[in-house]
Structure formats: structure tokens, C-alpha cells
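Here the structure is laid out as C-alpha cells; the discussion comes afterwards.
The structure displayed is predicted, hence computed values, not measured ones. Just so it is clear, the values below take in all heavy atoms, side chains as well, and ignore hydrogens, waters and symmetry mates.
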Amino acid sequence: MTDAIAATTGQVKPAVSARTRRRKAAENRFRRLGLLAVILGVLALVGLLASILTNGLSSFRQTYITMEIYLDPGILDKQGNRDPAEIAKVTTFGYAPLIKASLAKAMVDKGFDSTMEADAAAELISKEAPAILRRYVLADPSRIGETVEFDMLASGRIDGYYKGRVTMASAELDRNTSPEQLRLADELKQAGILTTRFNWDFFTAPDASDTRPEAAGLGVAILGSAYMMLIVLVLSLPIGVAASIYLEEFAPKNRFTDLIEVNIANLAAVPSIVFGILGLAAFINFVGLPQSAPIVGGLVLTLMTLPTIIIATRAALKAVPPSIRDAALGVGASKMQSVFHHVLPLAMPGILTGTIIGLAQALGETAPLLLIGMVAFVREYPAAPPEGFFDPASALPVQVYNWTQRGDPAFVERASGAIIVLLVFLLVMNLVAVILRRRFERRW
């Protein structure tokens, strides 16, 4: 019947050769393999993010013990003259009894009548608490003699108990806590003395010692990374754009410029640790700049970011149609005017995108910063620029590395939280790049 219809209409169905069938089968297999590769990549990304979020989201919550502390002048200011030098002589050992007495009073007010329970409850407070109270008094000595409410950090084990990291079974094997202390913490929580809430100090506090993970924060690391990114932006953007404009628009095409272009492409593929070795030799050993300073980190990351910016800028300049240049020259503009008044504004979206991507890459680098000494333990905040560029500081990726090297499981939680913060910064920077490209994009 089909043959009769084909004969009537004059249409002949072409025969599919074996070669064509094999080619289509190969194409279908390639599509399925490509789809499988995409699915595996997405699953790997989801697994990675799930692991980081599972371990790190708890770092944004912290357990506190609330109490009203009487700043006894008989201990903190025996002379009664409010002299900061005299008050500073009181060490943290002098502040610890004030915290213990205040907690005992708070427990009595809530119905706890056992002195033994008060002594055990004092061990639930972080060892950082006396130092926090001392810094508060030194910042404002006029508060001595008053009763001030404080939210003191609970110890790392107690904080981990309410985050699922510590259990009754693990407490029996842990010399830093006990099941009795965990049960007492539950009683304090029922009484409203102990609470768990959002941890703002994680973003503002400096790093802490190995025995005080609950007090560790990202304040110095965030500030150090911001200083370095400011240095990278100020140096790499004008130098990279100027070099790109010269090579693309003004430089003669000869062997020398070809050699420069090849070396720029090669520098973009050089491992980052090589730039760290260069920074150590040139900026620290030869120039004499201080170790662990944002100025050195910024210079090293600038060298590493320049090839990326130059390559992206040259690609953006090449994307501008030649007719734009010809039209500008045709109405009497000079070569300089045609580049800066016509070509450069049209290439700006690609330039900004390449710059932000380069900055995002530099923000996550760890190896070069380790070689210039930014692995040091830093608790003091760097000063405001420009002095702060030469003060010791840390950086977000280095802080993650430091925390993963410590033995307490609480630091692993802190490291995952720092990774989340770093990923948020990178995500924001990439979103800004996309927005700028769409905002300034021109179509021809």
C-alpha cells in the first residue's frame, strides 16, 4: 500500500545507509554521555555544598550564659582613683571570681540552692570570659562599681552539646567535660540562664587559642582580605588595562611584542605558589617589607591577577568592531581619542567582568599567602589605611587552613563556617560581574 502511494505521488523514501545509522547512534551516545557528565558534576557540587553547610551552619550560632556581674571596686580599683594604669595591673585571674560569684547569684535567684552546682556551673563558662570582662573594664573604667549584664561565652564542649557535636556518651570519655555538666547545662537552659542564638562575634572577633574555639572569629581575617583586595584593585586594574590598551591598539606587531604576549599567557598558567616564592624573595627579603602584612599579600596577588586582567581586557578590546575605530578616525579623531572615547567605553563590560573574576580568584588563594607569613596567629586588628597595610593580619583562606590544622572538632566547624563566608563573597563578586556586563553590554 505504501509503495503504491509512493508510486502515485512520485515520492521515493530514501534508504538510510548503515553509515548514517552508525553516525546517528554515535551522536546519541555522545549526548547521553554529556548529559551523564553534567548530572555527575551537579551531584558532586550538591554533595560538596551539603557537606560544607552541614558542618558550617552551626558556627553561626553560639551558646551564651547570661548573668549580671558586679564590677567590685575593691578588686578592680583598690586605690579608687580610676587610674587606667592601676586598673590594667589586675589580670584575668582577678576577674574570674567576679564571674563565678555573679553566676552563683543568678542560679540562686532562679532556684538553684547548691553551692556545688554553682562551682560546677562556673566550669561551663569559656576561659575567654575573664579576658572579655577585663577588656570591657579597661575600655570604660567609669563602669567600675556598677552591675552590668553580660552574655558570656559557654565553653566549646557545652556549645558543641547543643549543636550535636558532643553527646552524653562522648562526654564520658572526654576529660574536658562530663555528663553531669551537660545535665547541669540543660537545667541552666530551662532556667533561662543559658541560651543559644545567632553568633555575630563570628564575623567580628579575632582568632582564639587552641583551648578557646568558642571565641574564635573572622574579624581580623575579613579585614585583612579587604585590605589586600583594595591593594589588588588599585594596582592591577590601571596597570592591566593600560598594558592591554598598549599591546592591542598601539604596540607594533613584531617578535618583541609576540614574546610579551606569549609570556603573559604563560604567567596566567603559573601555579600560585610560585608567585608566593617571588613575593618572599622580592618584597620581604630584598625590599624588607614586614611579613604577614596586607601590603605584601596585596602585591603578590596583584602580580598573580595581572595576567588574568590583561587577557580579559584584550579580549574585550578585540570584541569591539573595527568599524567603531574607522568611524572615529573618519570624523577627525586621533588614535588616542578613538581608543579612549569610543573603543574603551564599549569594552568596559568585559574589562570589569575580567577584573572582578580576577579579584575573586585572588580572594581564594592560600599558597602564596602562606609563604609570606600570613599563617601567623594574629589577634590585634590592623589600623586604618594606610598604616594598616603594614600591620600584621590574616586572610580568609589562610584562616580556614589554620583552623583545619587544629585538633579540637569545634575548629572544624569554624573552618566550614569560614568557607561559607568565603563562598558568599565569591558568589557576590560573580553576581556583580554578571550585573555589570548586562548593565553596560552593547550589541552590534
Side-chain angles (χ1 to χ4, degrees), residues 225-254 256-279 282-283 287 294-320 324-325 335-365 367-369 372 385 389 395 425-426 428-437 439-442:
S225 292
Y227 282 2
M228 286 191 297
M229 290 302 102
L230 179 61
I231 294 172
V232 174
L233 179 63
V234 170
L235 293 180
S236 63
L237 180 59
I239 295 175
V241 172
S244 303
I245 292 175
Y246 173 76
L247 291 174
E248 192 63 32
E249 302 292 340
F250 297 98
K253 302 302 180 183
N254 51 37
F256 180 70
T257 55
D258 291 342
L259 180 63
I260 293 177
E261 293 177 3
V262 170
N263 280 281
I264 290 175
N266 290 336
L267 284 175
V270 170
S272 60
I273 195 169
V274 176
F275 290 98
I277 296 174
L278 174 63
F283 301 129
V287 180
I295 182 66
V296 181
L299 291 174
V300 171
L301 295 179
T302 297
L303 295 177
M304 192 185 69
T305 308
L306 270 175
T308 302
I309 294 179
I310 292 175
I311 292 173
T313 302
R314 294 194 64 186
L317 293 173
K318 287 181 180 178
V320 178
I324 301 295
R325 299 172 177 84
K335 179 68 173 179
M336 183 76 71
Q337 289 174 329
S338 68
V339 170
F340 284 92
H341 295 175
H342 301 276
V343 177
L344 190 59
L346 296 177
M348 192 57 65
I351 296 173
L352 293 177
T353 301
T355 301
I356 294 176
I357 292 176
L359 290 176
Q361 179 186 3
L363 180 62
E365 287 295 338
L369 302 182
I372 63 172
F389 292 148
F425 274 109
L426 297 177
V428 170
M429 295 177 73
N430 282 277
L431 287 176
V432 170
V434 173
I435 293 173
L436 289 176
R437 172 175 286 278
R439 171 66 178 81
F440 296 103
E441 188 174 18
R442 302 289 178 88

Heavy atoms of Gly279 and Val300 approach each other most closely as CA-CG2, 3.6 Å
Are the side chains of Thr305 and Gln361 in touch, meaning some heavy atoms are under 4.5 Å apart?
-> no
Over all atoms of both residues, closest heavy-atom pair of Phe250 and Val339 | CZ-CG2, 4.0 Å
CG-CG distance between Leu317 and Leu344, expressed to the nearest 0.5 angstrom | 7.0 Å
Roughly how far apart are Tyr246 OH and Thr257 OG1, rounded to 0.5 Å?
-> 8.0 Å
May I ask you to test the Arg325-Val320 pair for a side-chain heavy-atom distance under 4.5 Å?
-> yes
Taking the side chain as every heavy atom from C-beta outward, state whether Leu278 and Phe283 have any pair of such atoms under 4.5 Å apart.
-> no
For Ile309 and Gly240, the nearest pair of non-hydrogen atoms, with its separation, is CG2-CA, 4.2 Å
Distance from Met429 atom CE to Ile356 atom CD1, nearest 0.5 Å?
-> 7.0 Å
Beyond-backbone contact of His342 with Gln337, side-chain heavy atoms, under 4.5 angstrom = no
Any side-chain heavy-atom pair from Met336 and Glu249 closer than 4.5 angstrom?
-> no
Starting from the C-alpha separation in whole Å, work towards a yes-or-no answer on side chain to side chain contact (heavy atoms under 4.5 Å, CB included) for Met348 and Leu352.
-> CA-CA 6 Å; Met348 192 57 65; Leu352 293 177; 3.9 Å; yes
Shortest non-hydrogen contact between Ile311 and Ala268, atoms and distance | CD1-CB, 3.8 Å
Closest non-hydrogen atom pair, Ala360 against Asn430 = CB-ND2, 4.4 Å
Sort out for me which residue in Leu369, Leu359, Leu233, Leu363 forms a side-chain contact (heavy atoms from CB on, under 4.5 Å) with Met228.
-> Leu369
Over 12 non-hydrogen atoms of neighbours within 6.0 angstrom of CZ in Phe256 = no
Closest heavy-atom contact between Ala316 and Ile351?
-> CB-N, 4.0 Å
Identify, with sequence neighbours excluded, every residue that meets side-chain hydrogen bond (donor to acceptor under 3.5 Å, both in side chains) alongside Thr308.
-> none
Hey, what do you get for CG (Leu303) to OG (Ser272), rounding to the nearest 0.5 Å?
-> 12.5 Å
Find the distance between OG (Ser225) and CD (Glu365) and round it off to the nearest 0.5 Å.
-> 12.0 Å
Flag the pair Glu248 / Thr313 as yes when at least one side-chain heavy-atom distance between them is below 4.5 Å, and no otherwise.
-> no
How far apart are the C-alpha atoms of Met229 and Leu301, what are their side-chain angles, what is the distance that settles it, and do they pass the side chain to side chain contact (heavy atoms under 4.5 Å, CB included) test?
-> CA-CA 8 Å; Met229 290 302 102; Leu301 295 179; 3.8 Å; yes
More than 12 heavy atoms of other groups within 6.0 Å of Phe389 CZ | yes
Side-chain touch Leu230/Val234, heavy atoms, less than 4.5 angstrom = yes
Rounded distance (nearest 0.5 Å) linking atom CD1 of Ile264 with atom CG of Leu247 = 5.0 Å
